[in-house]
J.: 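My questions all concern the structure below.
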Amino acid sequence: MALIKLTNISYDYPNTCGLDHLNLEINTGDFICLMGPNGSGKSTLLRILSGLETASQGDYQFDDQAITAAYLADPQDRQRLHQQIGLVFQNTDVQLFNTSVADEVAFGPRQLGLPEAEIAQRVTDCLELTHSSELRDRVPYQLSGGEKKRVALASVLALNPTVLLLDEPLNGLTIAAQQQMLTLLQTLQAAGKTIIMASHNFKQVQAVEPRFVIFNADHQIQADLTAAELATQPEQQAELLTL
Amino acid sequence: MALIKLTNISYDYPNTCGLDHLNLEINTGDFICLMGPNGSGKSTLLRILSGLETASQGDYQFDDQAITAAYLADPQDRQRLHQQIGLVFQNTDVQLFNTSVADEVAFGPRQLGLPEAEIAQRVTDCLELTHSSELRDRVPYQLSGGEKKRVALASVLALNPTVLLLDEPLNGLTIAAQQQMLTLLQTLQAAGKTIIMASHNFKQVQAVEPRFVIFNADHQIQADLTAAELATQPEQQAELLTL
Amino acid sequence: MTTKQPNNLPTWLEQPNQLTSQPQRHNFLAHNQQHLQHLLARLSQPLPAVQSKRWQLSPSISLLRLGILILLIALTNNTGWLWVLGLLLAGHLLQLSPSQLRRFSRSWLLSTLIALLVVLPSYWLVGPATVLLFGFKTGLILASTQYYRLTTTFQELLSGLKTLHCPNIFIMTLAIAITYLRMLGHYLLQTMMALDMRMVAPAKHPYRLIGTLFGNLFLKSHAYALELYAAMEARGFNGHYVNQPATTNRWHDMLTLTPYLVLVAVFIFGRTYGIN
Amino acid sequence: MHIPDNYLSPATCGTLVLAVAPVWTVAVIKVKAQIKEKRETLPMLGIAASLAFLIMMFNLPIPGGTTAHAVGGTLLAVLIGPWAAVLALTVTVLLQALLFGDGGILAFGANAFNMAVIMPMVGYACYRVGVKFKHPKVGLFIGAYLGINVAALVAGIELGLQPLLAHTASGAPLYCPYGLNVTVPAMLAAHLLVAGWVEAIFTVLVYQFVHKVAPTNLYQVTPQRSRRPWAYLLGGLVVLSPLGLLASNTAWGEWSPAELKQRLAEQHISQQAPQGMVQGLHFKALFQDYTIGNLPISVGYILSAITAVLIFLLLMRGLQHDNQTTK
Ligand SMILES: Nc1ncnc2c1ncn2[C@@H]1O[C@H](COP(=O)(O)OP(=O)(O)OP(=O)(O)O)[C@@H](O)[C@H]1O
Ligand SMILES: Nc1ncnc2c1ncn2[C@@H]1O[C@H](COP(=O)(O)OP(=O)(O)OP(=O)(O)O)[C@@H](O)[C@H]1O
Ligand SMILES: [Mg+2]
Ligand SMILES: [Mg+2]
């Protein structure tokens, strides 16, 4: 049974289209990379998956539960969904709001009411995993662009969500840092997490062999290829390289 | 005579170092790409160059004029500097503040008091150059990440500055859009503009053969190589590929 | 390209979470998000809701007209007068498109109703006449302000105030405030969403959270203030907004204002003859 | 707290605008000096205005399931300085009145007076006292609580005076139909019990956050060099005081208890003047309705105003820091 199932999802912004009749199935443990032109709807899809918006039309099933506006209006259900899904925003600025990086990472676990010792453990672990231990006592909004990205991931990881949604997490990172992050994501996938990320860096992402879901400029899914399938289609590959 | 001359520039944030004793000379018509690890000081340097901050220490000469705190305190001098230097911020969100993309691009020329016909012309041209004509009537803050980047560049271009500072302009763009933008920048350079950009995409940027100024993690310049020099140093090149 | 040795995950990250859920009485975040979205929708409207091509008033005149109208309504206690003013207003309302008119009526009725609810208890204190008169006047005032709001953009308001010689520092502040309202509102909305994503349990200290939210908003806006202002300066801003020159006709202006001036005159001089 | 149109008589509105005008003048002068020192004050003004707007539209949960909202007057005063806060809040109030229908357009002066002048000033004064005694947070808490309550009290008085100021020949009120005995308790009860606490807690928490992360972003008091603006303000108030005569048939809010009682009785609102006012107004006996001897009324007004200003100055003097340490 698919973990996430989207049937005929459309999303309309007040005067533009966001998504147009999408169908998508995602299984537990998948590593998915969303690609496509600017403005094709990748961020919109991630926001719908995270429950921040509800689709204008169509059906979104998460773990056999229909995620509707009514479901999300219930605070308890909403919480349960957010415990399972973590989202790193495209603009990480909006995501960091605490007084120190350590507090930022501790925020989620603290909400859960975990014992302080465990919270401290999680903070240390997450900062280490994202190579940002040395930022621990800095003020989040004063970090550089790439540093913010890493702290944002750490703060989401600390909640240990089963599904990780990442909106262009590689943006603004150096190539080396991109590789580190991809390796981390791969490790998380190996541990059973489902990872859905948007990215334009086909070259880098290819190394972790994700399943590519490719949007076209009309806000539709144009292709949906596993790494194995992609390997047999050199012309597709060439196209992606210059997308 | 160099257009921009930095001598022994340091910049200290309240509790971290931003830049450490930088020396740099930039000539009219240069195309410079700043590279380096996250948090190495690229954005800080661009902010100093644009006159947003003044260095804690050292000397910044622009067009034979020392840019000091006192110089910048004078509104007229400040304005003169700003007319020559345009900056696209790393976080484009802060840069877009009008109610429509067309107004956004028209803002600068209108402030300069140009006739309406010329303003309209500039708006059309700039939107075309950045391939964003179809965004004309959209609300800037509702654009997708990549669209914002292009509109931000258009709005700076409309002022026709002689020096363009671009903080990670390729971020969030598709590979195709990155190439378009680089081509545009190359054309601008050919027209005599000086271009200084920060980027992590060595692969893409290499195509336009810029001069690479490379920072190390200690906020210093580690290397300063023209494209020709780089071509003769394969080991440097390999290092940059994974930076 | 070689990927490095996968780093080992801590054990807590390898096991799935135990889902918990605690009851929560009300969700202030969701509530406020809705509010903000409404505000942003209103702010992002680049054109006035209603724009008449033939009869474009200069912004200062429409502001003046609004002032005169409200003042007249507030000053008079004569129902006949109010009737005339009401007719004038209704004439203006005719210019609205049907959908706009519906929108107008909805918000107008609602606000008038609220105003009436407040005054209603005074029925037992001072009798029905006061309540009626008050309701009538308030309704008219609300209608005229509502009409003004529907037909005026922020830019027009600014240039209107400017023509009326409002101090520059006020105009500047107002202009920046409107601009920023959009940006900060958007930022606040996004931050609330991000917060929402990590609100995996009811907030133990909702107020601390709100303090964090707004403290953060202030600091961020402080930083934004500097950057945006610099960005504006970098694009030629020098403390004065240069507006798109409005294409208005002085004769139209005067013509539209005439009925109001006549009314004012009648109001002032009519007093001696007992007209109102 | 936002007074809509038609609740206050135009005369009251006009008087209040004139009363705030000198404050605005001083604020502009003060802020211009502040801008010269710190350029970012200019954009900060606009930002603070929009911040205040957002604060006022943000619903805060209160026990019992309903919501309230803070105003943020005291908070802004502490963050960007009291005079800048006056300007910023004025702009917020204007914006709300013109574009969002919160608060009236004619009542703009009254709303500005309550929320943009009284609130930040009272709040900031308390905060300064707190700082002086090394307990800024306590000062701030009290300031925020007091600030909003004083503002509510003033709003209540403004509203409650209307039946006395403007009524038809038969005594039917033309504007707000409730007397002081209704409006003041109503406004105060709501604010003393709920809104005041919300405001105070909110203010302190935001302050705490900013203080922890970036204490340098708080408004730093520069040692006072010139007292000119105060002089302008006070001078302006002295000159304006005869306006009290214009505002209504009798100067508003300054009836003798007997007259008050008679007026209230006239309207069958209350057969007795509120007890507090009977006592509170006794000092008027000294001046006998400001008519001292045989002087014309307006001169009497000016004299009274000067007296008030002197008392005010003396108070200020007493509260000021000494520039040189006295040994
Ligand atoms: N808040 C909004 N209001 C209105 N339209 C929006 C909004 N956000 C996005 N859009 C529009 O919806 C479409 C999809 O946007 P989305 O952000 O999902 O694109 P994207 O694929 O993430 O692009 P990018 O690669 O540039 O981030 C775009 O045309 C965009 O302009
Ligand atoms: N406002 C600030 N306050 C304090 N420290 C800051 C601030 N902005 C940046 N820094 C710090 O200064 C250093 C240089 O930052 P800068 O933004 O210039 O890096 P960068 O090279 O642009 O990095 P990136 O590639 O991630 O954008 C970093 O260590 C960063 O944490
Ligand atoms: Mg996106
Ligand atoms: Mg940077």
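Here is how names work: the chains are called A, B, and so on, in the same order as the sequence lines, proteins then strands, and each is numbered from 1.
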J.: Look at atom CD of A:Glu209 and say whether more than 12 heavy atoms of other residues, nucleotides or ligands are closer to it than 6.0 Å.
T.: no
J.: What part of A:Thr174 gets within 4.5 angstrom of chain B, counting heavy atoms only: side chain, backbone, both, or neither?
T.: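 For A:Thr174, backbone and side chain are both near chain B.
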J.: State whether the side chain of A:His200 and the backbone N or O of B:Ile175 hold a donor-acceptor pair below 3.5 Å, judged by distance alone.
T.: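 It does not hold such a pair.
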J.: Mind checking side chain to side chain contact (heavy atoms under 4.5 Å, CB included) for A:His82 and listing every partner two or more places apart, or none if nothing turns up?
T.: A:Arg78, C:Asp196, C:Met197, C:Val200
J.: If we define contacts as heavy-atom pairs under 4.5 Å, which of B:Gly145, B:Gly41, B:Gly172 has the most with chain A?
T.: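 Option with the greatest count: B:Gly172.
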J.: What is the minimum heavy-atom distance between A:Ser144 and B:Gly39, and which atoms define it?
T.: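 Minimum heavy-atom separation between A:Ser144 and B:Gly39: OG-N, 3.3 Å.
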J.: Among B:Lys149, B:Arg138, B:Gln142, which residue has the highest count of heavy-atom pairs closer than 4.5 Å to chain A?
T.: B:Arg138
J.: Atom NZ of B:Lys203 and atom CG of A:Asn201: how far apart are they, to the nearest 0.5 Å?
T.: 12.5 Å
J.: For A:Asn171, is it the side chain, the backbone, both or neither that has a heavy atom under 4.5 Å from a heavy atom of chain B?
T.: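 For A:Asn171, heavy atoms of backbone and side chain both lie under 4.5 Å from chain B.
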J.: Measuring heavy-atom distances to chain A, does B:Ser40 have an atom under 4.5 Å in its side chain, in its backbone, in both, or in neither?
T.: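 Neither part, no heavy atoms under 4.5 Å.
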J.: When you compare the side chain of B:Arg150 with that of A:Asn38, does any pair of heavy atoms fall below 4.5 Å?
T.: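 The answer is yes; the side chains approach within 4.5 Å.
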J.: Contact part of A:Asn91 toward chain B, heavy-atom cut-off under 4.5 Å: side chain, backbone, both or neither?
T.: side chain
J.: So what's closer than 4.5 Å to chain B heavy atoms on A:Thr44: side chain, backbone, both or neither?
T.: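 Neither part, no heavy atoms under 4.5 Å.
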